[in-house]
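Input: a single structure, listed below in structure tokens.
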Amino acid sequence: MTPKSILFIADNWDADQYALLDSGDGHKLERFGSQSVIRPDPQAFWPPAHPVETWQADARFNAKTDDDDKGNWQLINPAAPTEWPMQWNGLKLSARRTPFRHLGLFQEHSIHWQFAQDKIRAAGRPINVLNLFGYTGMMSLACAQAGASVTHLDASPKSNGYGKDHQAMSGLEDRPIRWIADDAMKFTAREIRRGNSYDVIVLDPPKFGRGTKNETWRFEEDLPGLLANVRALLSDQPLFIILTAYAVRLSHIALAQALAGHLDGLGGTMEMGEMAIPHAHDDRLLPTAICARWIAD
Ligand SMILES: C[S@@+](CC[C@H](N)C(=O)[O-])C[C@H]1O[C@@H](n2cnc3c(N)ncnc32)[C@H](O)[C@@H]1O
């Protein structure tokens, strides 16, 4: 299976819902629905289209260090709401400024949400999805909206709560989504023992994380074991696997090969590459993560 290198560009947002307005000099200016924000981004070390000092925004995240998610939000517009509505493709959510620098969604994943929906709809059969490290739940909602049964897993019960709220806001209460708070490694091992299987597995593991009982997750150490579990959980008719990674010192080739190494005999296509966000007013791209995507024949 020779991997195909591609760019995964999240260019499927309505302009009034999300836009990357400018980036450069270590910062980015974005609009999430009604709210614009300035956040640090160490990768944006090119000149901005307009000087950062002239950027207009409702709030700004001041990081403690460049590589650290910790820091605090400074309100530039004192009337900026704490939560506000956004939507993607009919999925409704509440955006908010979190202490972890993000706005309650990972907008660059929209390219995968669309891919998952297209594949699930085209399959024309019941599809069972496992979304590991599912966090904000947008992938789970996208798959459920397309007709799949979804098991959403994250160590954080709080984030599962947001996901459930967004399920209700999106009018998808009747769709089968299991919201589970557990450790990814333990849960997948238990699912293998129970004999459960999935046609689609999506995983977006952090560089470092903790399970519900304080289990540690370290990307490079723990991913091989988790990928072995992922393989064991695939159904007889698997559809696709999406594996993404942020802030790791790995190439997308390494990521794709780590995944391919567990899929011997399955055939199919392996795609790999960088995920990026397009700028609204020029041709530049902002890189965000790396990705490997296996697709059945
Ligand atoms: C990078 S975020 C995933 C973002 C997600 N793809 C989205 O679009 O919202 C990583 C998530 O992994 C969860 N996590 C960290 N360690 C975990 C573990 N051992 N088991 C399960 N979830 C874990 C965190 O709670 C966090 O929500």
Side-chain angles (χ1 to χ4, degrees), residues 8 10 12-13 18 32 67-70 86-89 91-96 98-117 129-145 150-167 170 177-191 200-227 229-230 233 241-248 250 255 275 277 288-293:
F8 299 88
N12 56 353
W13 280 93
Y18 173 76
F32 290 80
D67 274 340
D68 198 341
D69 278 344
K70 294 197 185 75
M86 279 185 67
Q87 61 172 305
W88 177 83
N89 217 2
L91 295 178
K92 298 191 173 140
L93 69 139
S94 232
R96 61 195 190 284
T98 76
F100 312 107
R101 191 191 282 234
H102 67 75
L103 282 298
L105 75 157
F106 293 90
Q107 67 282 5
E108 60 271 19
H109 281 260
S110 62
I111 192 71
H112 297 311
W113 307 337
Q114 186 67 63
F115 169 87
Q117 291 199 327
V129 175
L130 175 60
N131 185 16
L132 295 170
F133 308 94
Y135 205 18
T136 64
M138 289 299 285
M139 175 56 97
S140 298
L141 296 182
C143 292
Q145 189 186 39
V150 181
T151 299
H152 171 105
L153 182 121
D154 197 281
S156 159
K158 194 171 172 186
S159 75
N160 287 353
Y162 288 126
K164 281 184 211 166
D165 290 348
H166 297 159
Q167 179 180 6
S170 304
I177 307 181
R178 294 198 290 159
W179 299 95
I180 296 176
D182 203 345
D183 174 65
M185 199 72 94
K186 283 194 177 156
F187 176 78
T188 49
R190 215 176 294 126
E191 284 289 85
V200 167
I201 302 183
V202 178
L203 53 164
D204 184 19
K207 184 177 165 57
F208 177 83
R210 291 213 181 263
T212 36
K213 297 203 171 64
N214 225 17
E215 301 91 340
T216 47
W217 165 267
R218 286 195 180 83
F219 194 96
E220 285 90 342
E221 281 172 36
D222 295 322
L223 188 68
L226 186 61
L227 290 178
N229 288 357
V230 163
L233 283 175
I241 300 171
I242 301 176
L243 167 63
T244 46
Y246 287 80
V248 287
L250 284 181
L255 199 65
M275 292 162 61
I277 300 177
T288 57
I290 56 171
C291 164
R293 191 158 81 174

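Atom set for the values below is all heavy atoms of this structure, side chains included, hydrogens, waters and symmetry mates excluded. Ligands are counted one by one from 1 in listed order, and the atoms in each one are counted from 1 as well.
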TODO: Show which atoms of ligand 1 fall inside a sub-4.0 Å distance from at least one heavy-atom site of F106.
DONE: 4 (C), 7 (C), 8 (O), 9 (O)
Open item on the list: Working note: F106 + M138, criterion side-chain contact (heavy atoms from CB on, under 4.5 Å); need CA distance, chi angles, decisive distance, verdict.
Closed with: CA-CA 9 Å; F106 293 90; M138 289 299 285; over 6 Å; no
TODO: Any chance you could lay out the side-chain hydrogen bond (donor to acceptor under 3.5 Å, both in side chains) test for W179 and Q167, step after step, and finish with the verdict?
DONE: CA-CA 11 Å; W179 299 95; Q167 179 180 6; 2.9 Å; yes
Task: Proximity of R210 to ligand 1 by residue part, where a heavy atom lies under 4.0 Å - done: backbone
Task: Any P206 heavy atom less than 4.0 Å from ligand 1 - done: yes
Open item on the list: Please list the nearest protein heavy atom to atom 22 (N) of ligand 1 with its residue and the distance rounded to 0.1 Å.
Closed with: A155 N, 3.1 Å
Task: Closest approach of P205 to L243 (non-hydrogen atoms, all atoms of both residues) - done: CD-CD1, 4.0 Å
Open item on the list: Quick check on contacts: which atoms of ligand 1 are under 4.0 angstrom from a heavy atom of D204?
Closed with: 1 (C), 3 (C), 4 (C), 5 (C), 6 (N), 10 (C)
TODO: Nearest 0.5 Å please: distance from the CG atom of D182 over to the CG atom of D154.
DONE: 10.5 Å
Open item on the list: Y135 and ring pair (Phe, Tyr, Trp, His ring centres under 6.0 Å): which single residue from H102, H152, H166 fits?
Closed with: H102
Task: Plane angle bin for H112 and F8 - parallel if under 30°, tilted between 30 and 60°, otherwise perpendicular - done: tilted
Task: Contact check: T136 vs ligand 1, nitrogen or oxygen atoms, below 3.5 angstrom - done: yes
- [ ] Give a yes or no on whether the ring-centroid distance for W217 and F133 is below 6.0 angstrom.
- [x] yes
TODO: Closest by any non-hydrogen atom to atom 13 (C) of ligand 1: pick that one out of D154, T212, N131.
DONE: D154
TODO: Below 4.0 angstrom from a heavy atom of D183, which ligand 1 atoms are there? Numbered from 1 as shown, please.
DONE: 18 (C), 19 (N), 20 (N)
TODO: May I ask you to check if R96 and Y162 form a cation-pi contact, with NZ or CZ under 6.0 angstrom from the six-membered ring centre and within 45° of the axis?
DONE: yes
Task: Between OG on residue S110 and CD1 on residue I277, distance to nearest 0.5 Å - done: 8.0 Å
Task: Residue, atom name and distance, where the atom is the protein heavy atom closest to atom 2 (S) of ligand 1 - done: Y135 CD2, 3.8 Å
Open item on the list: Below a 4.0 angstrom heavy-atom separation, can you tell me which part of D182, side chain or backbone, both or neither, approaches ligand 1?
Closed with: backbone
Task: Short N or O distance, A184 and ligand 1, threshold 3.5 Å exclusive - done: yes
Task: Per-atom contacts, ligand 1 versus G209 - under 4.0 Å to a heavy atom - done: 15 (C), 16 (N)
TODO: Do me a favour and list the nearest non-hydrogen protein atom to atom 14 (N) of ligand 1 with residue, atom name and distance?
DONE: F133 CD2, 3.7 Å
Open item on the list: If I apply the N/O under 3.5 Å rule, does E215 come out as touching ligand 1?
Closed with: no
Task: Atom pair CE/CD of M185 and E215 - distance to nearest 0.5 Å - done: 10.5 Å
Task: Proximity flag M138 to ligand 1, non-hydrogen atoms under 4.0 Å - done: no
